[in-house]
Trainee: 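Handing you this structure, nothing more for now.
Side chains included, hydrogens not; waters and symmetry mates left out as well; all remaining heavy atoms used. Below, chains carry the letters A, B, ... as their sequence lines are ordered, and counting in each starts from 1.
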Number of protein chains: 2
Amino acid sequence: MADQQAFFDLLDIMESERAVEPKRFFALMRSTFNIENLLYIDVELLPRGFRVHRLCHTFEADLPEVYRDRNAGCIDAVLRMASGDIRPVDLADSRKRYPASETLFQAALHFGLTPEGIILPLSAPARRCARLVIQADVAPAEWASYRRCHLRDFQLLANLFHASLLESDARRRDQHPASVILTNRETEVLGWAAAGKSYWEIATILGITERTVRFFMTNARRKLNVVSNTQAVAQAMRHALIPVS
Amino acid sequence: MADQQAFFDLLDIMESERAVEPKRFFALMRSTFNIENLLYIDVELLPRGFRVHRLCHTFEADLPEVYRDRNAGCIDAVLRMASGDIRPVDLADSRKRYPASETLFQAALHFGLTPEGIILPLSAPARRCARLVIQADVAPAEWASYRRCHLRDFQLLANLFHASLLESDARRRDQHPASVILTNRETEVLGWAAAGKSYWEIATILGITERTVRFFMTNARRKLNVVSNTQAVAQAMRHALIPVS
DNA sequence: CCATAACCTGTCACTACCGACAGTTTTGCC
DNA sequence: GGCAAAACTGTCGGTAGTGACAGGTTATGG
């Protein structure tokens with residue numbers, strides 16, 4: 001078991017500093033624990049493929065290029081399947097659970113990756129998927145006890161690191177997202193439109209005239225600064241103004 | 001500092017058992033650490049108010065009712081503001097940061113809540129907000145060192161407990177969410193429709209005829225089993241078939 | 001070579017949506 | 001009481017969306 005004090009020193013740093021650079025965090029992690037490599041990835045899953053928000057790691061610089069050349073499709077598939085995971089997953093377990101990722105692991109072996117590592121899930125907004133991969137420099141036989149001992153450290157520090165990055169992103173953006181306020185009726189009407197109801201149907205449901213439904217929808221379109229009901233529903237869902245379900 | 005072994009015993013339980021009942025988890029937590037009270041809450045934020053998915057706690061049984069009677073609006077506001085938090089937050093800090101929650105704290109004091117506690121953020125899908133509140137039975141002067149010592153334990157165990165609940169929810173539902181596959185063109189036209197473009201505009205953008213755009217949109221509607229373009233966009237956004245941005 | 005899927009196009013008739021005109025009634029707050 | 005905002009209604013004319021008809025082209029894989 002590694003030095004307890006070293007963890008608490010690192011915890012103090014992560015809690016006190018507002019913005020922690022990835023390189024610094026990686027260096028601190030490596031000096032505190034017996035870590036061989038770290039990889040942080042934050043992507044947005046799109047209907048086709050994905051968009052990388054942030055990717056930083058301690059592997060050789062051209063690792064992403066090699067992965068991309070090998071098979072981008074399988075990265076996509078694995079990210080998609082794993083995006084729902086909430087528990088930490090061992091690299092070995094991940095390899096078994098997602099056979100599609102075998103190509104990735106084969107490629108990663110050439111960069112020095114060993115099975116003694118863990119994938120930590122990180123909180124992320126909708127359609128975002130963030131992970132911190134930690135690969136330890138321990139013998140296979142020692143991995144289980146090492147993991148058991150440091151899982152709590154890794155998960156907390158990873159969360160704090162992730163929070164630090166997201167917060168600095170938010171500070172950089174510094175853009176407040178419109179904050180449109182819809183009335184009760186406007187929200188209701190939008191919700192029913194999202195459910196595929198026509199003006200006449202919504203009017204019947206709400207017990208008002210079709211003309212009034214149109215009035216609310218027009219106001220909603222004007223407030224959302226859009227030109228069609230379809231766009232209005234999309235915009236309202238983006239800003240969480242109408243429920244998903 | 002509490003017994004290290006007790007934590008690892010609890011960790012083993014949380015990692016080995018698929019479904020951990022809240023009452024059991026709470027009891028284990030209380031017997032392992034000097035915990036006075038625990039509260040787990042998982043809500044969905046709606047445009048107006050919120051919907052509670054799960055709420056369990058060790059306070060007196062009528063705590064939620066008292067809260068509701070006091071001021072439901074402020075719960076709403078605080079949940080909304082705090083939903084973006086990723087870091088653990090001390091109860092005292094939360095009270096200072098969200099003045100709107102003062103009424104809540106005043107009410108909670110009557111149920112035995114003390115400021116020596118922490119709010120742990122938990123991974124949640126879009127518009128969902130889950131938290132585990134842990135209130136320790138320690139003297140105010142000891143809180144800082146207690147927190148520092150056990151934060152990593154709490155965060156990891158809370159994550160595992162949360163994962164356990166979500167997984168059992170998923171098992172209970174046992175419903176695969178359609179998994180509709182849209183073609184490239186169908187995805188494109190849906191995306192432009194969500195951007196407020198008309199058939200004619202989309203046709204011009206994509207360099208095809210308006211009729212063809214209608215063809216793709218009709219196929220998309222059929223696949224998504226919906227009756228209007230508006231509903232199709234809403235459905236596609238729900239299933240993450242078109243990007244948010 | 002045939003089947004399949006994706007992509008592409010045309011016409012017709014009907015319905016729904018959209019903006020702009022001009023109001024009334026109700027509700028809540030100072 | 002006065003005021004503002006929300007809720008509600010009516011009519012008109014133009015544009016957009018919708019379903020059903022009936023095709024053709026290209027690429028992929030068995």
Trainee: With rounding to the nearest 0.5 Å, note down the distance linking CG in Asn159(A) to CG in Leu166(A).
Mentor: 10.5 Å

Trainee: Arg18(B) versus Ser168(B): any side-chain heavy-atom pair under 4.5 Å?
Mentor: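 Sidechains of Ser168(B) and Arg18(B): no contact.
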
Trainee: Can you tell me how far P of dT15(C) sits from CH2 of Trp200(A), to the nearest Å?
Mentor: 13 Å

Trainee: Treating Glu201(B) as the side-chain partner and Ser198(B) as the backbone partner, does any N or O pair qualify as donor plus acceptor under 3.5 Å?
Mentor: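 Checking the backbone N and O of Ser198(B) against the side chain of Glu201(B), a donor-acceptor pair under 3.5 Å is found.
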
Trainee: Please give, in whole Å, the distance from dA16(C) P to Met217(A) CE?
Mentor: 14 Å

Trainee: Take nucleotides 21-30 of chain D nucleotide by nucleotide from the 5' end and write B, S or -, depending on whether a protein heavy atom sits under 4.0 Å from the base, only from the sugar-phosphate, or from neither.
Mentor: B---------

Trainee: What integer distance in Å separates Ile202(A):CD1 from dC17(C):P?
Mentor: 7 Å

Trainee: Please state how far atom CD in Glu210(A) lies from atom P in dG10(D), giving the value in whole angstrom units.
Mentor: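 For the pair Glu210(A) CD and dG10(D) P, the rounded distance is 11 Å.
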
Trainee: Describe, as an angle rounded to 10 degrees, how the axis at the first end of the helix from dC1(C)-dG30(D) to dC30(C)-dG1(D) is tilted relative to the axis at the last end, five pairs per end.
Mentor: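 The angle separating the two end axes equals 60°.
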
Trainee: Determine yes or no for a side-chain-to-main-chain donor-acceptor pair under 3.5 angstrom, with Thr187(B) supplying the side chain and Thr183(B) the backbone.
Mentor: yes

Trainee: How about Thr114(A) and Gln135(A): do any of their side-chain heavy atoms sit closer than 4.5 Å?
Mentor: yes

Trainee: Return the residues of residues 219-235 of chain A meeting this criterion: a heavy atom under 4.0 Å from some atom of DNA chain D. Order them by number, or give none.
Mentor: none

Trainee: Between NZ of Lys223(A) and CG of Leu190(A), what distance do you get to the nearest 0.5 Å?
Mentor: 10.0 Å

Trainee: If you round to the nearest 0.5 Å, how far is CD1 of Ile134(A) from CG of Asn37(A)?
Mentor: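 It is 11.0 Å, given to the nearest 0.5 Å.
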
Trainee: Round to a whole Å and report the spacing from CZ of Phe216(B) to P of dT18(D).
Mentor: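 The distance from CZ of Phe216(B) to P of dT18(D) comes to 16 Å, rounded to the nearest Å.
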
Trainee: Within this structure, what is the CD1-to-P distance between Ile208(B) and dG10(C), rounded to whole angstrom?
Mentor: 11 Å

Trainee: Measure the CZ-CG distance between Arg95(A) and Leu91(A) for me, rounded to the nearest 0.5 Å.
Mentor: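 Nearest 0.5 Å value for the CZ-CG distance: 9.5 Å.
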
Trainee: If you check every side-chain atom of Arg214(A), which of dC8(C), dA7(D), dC12(D) has the closest atom?
Mentor: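 Nearest listed nucleotide: dC12(D).
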
Trainee: Tell me which nucleotide among dC7(C), dA7(D), dT9(D) gets nearest to the side chain of Thr212(A).
Mentor: dT9(D)

Trainee: Would you mind reading off the distance between Glu186(B) atom CD and dA5(C) atom P, rounded to a whole angstrom?
Mentor: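 Spelled out: CD on Glu186(B) to P on dA5(C) is 13 Å.
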
Trainee: Using side chain to side chain contact (heavy atoms under 4.5 Å, CB included), reason through Asp90(A) and Ile119(A) one step at a time and then give a plain yes or no.
Mentor: CA-CA 6 Å; Asp90(A) 274 29; Ile119(A) 305 172; over 6 Å; no

Trainee: Which label fits Phe161(B) and Tyr40(B): parallel for a plane angle under 30°, tilted from 30 to 60°, or perpendicular past 60°?
Mentor: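 If you compare the ring of Phe161(B) with that of Tyr40(B), the planes turn out perpendicular.
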
Trainee: Kindly compute the distance separating CZ (Phe154(B)) from CD1 (Ile118(B)), expressed to the nearest 0.5 Å.
Mentor: 8.5 Å

Trainee: What nucleotide among dA16(C), dC12(D), dA6(D) has an atom nearest to a side-chain atom of Ser198(A)?
Mentor: dA16(C)

Trainee: Verify the contact: side-chain N or O of Tyr199(A) to OP1 or OP2 of dT15(C), cut-off strictly under 4.0 Å; return yes or no.
Mentor: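 Looking at the OP1 and OP2 atoms of dT15(C), neither is under 4.0 Å from any side-chain N or O of Tyr199(A).
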
Trainee: Would you say Arg97(B) and Ser94(B) are linked by a side-chain donor-acceptor pair, where the criterion is simply a distance under 3.5 Å?
Mentor: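 Short answer, no.
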
Trainee: CD1 of Ile181(B) versus C1' of dT4(C): gap in Å, rounded?
Mentor: 15 Å

Trainee: Distance check: side-chain N/O of Thr209(B) vs OP1/OP2 of dC8(C), anything under 4.0 Å?
Mentor: no

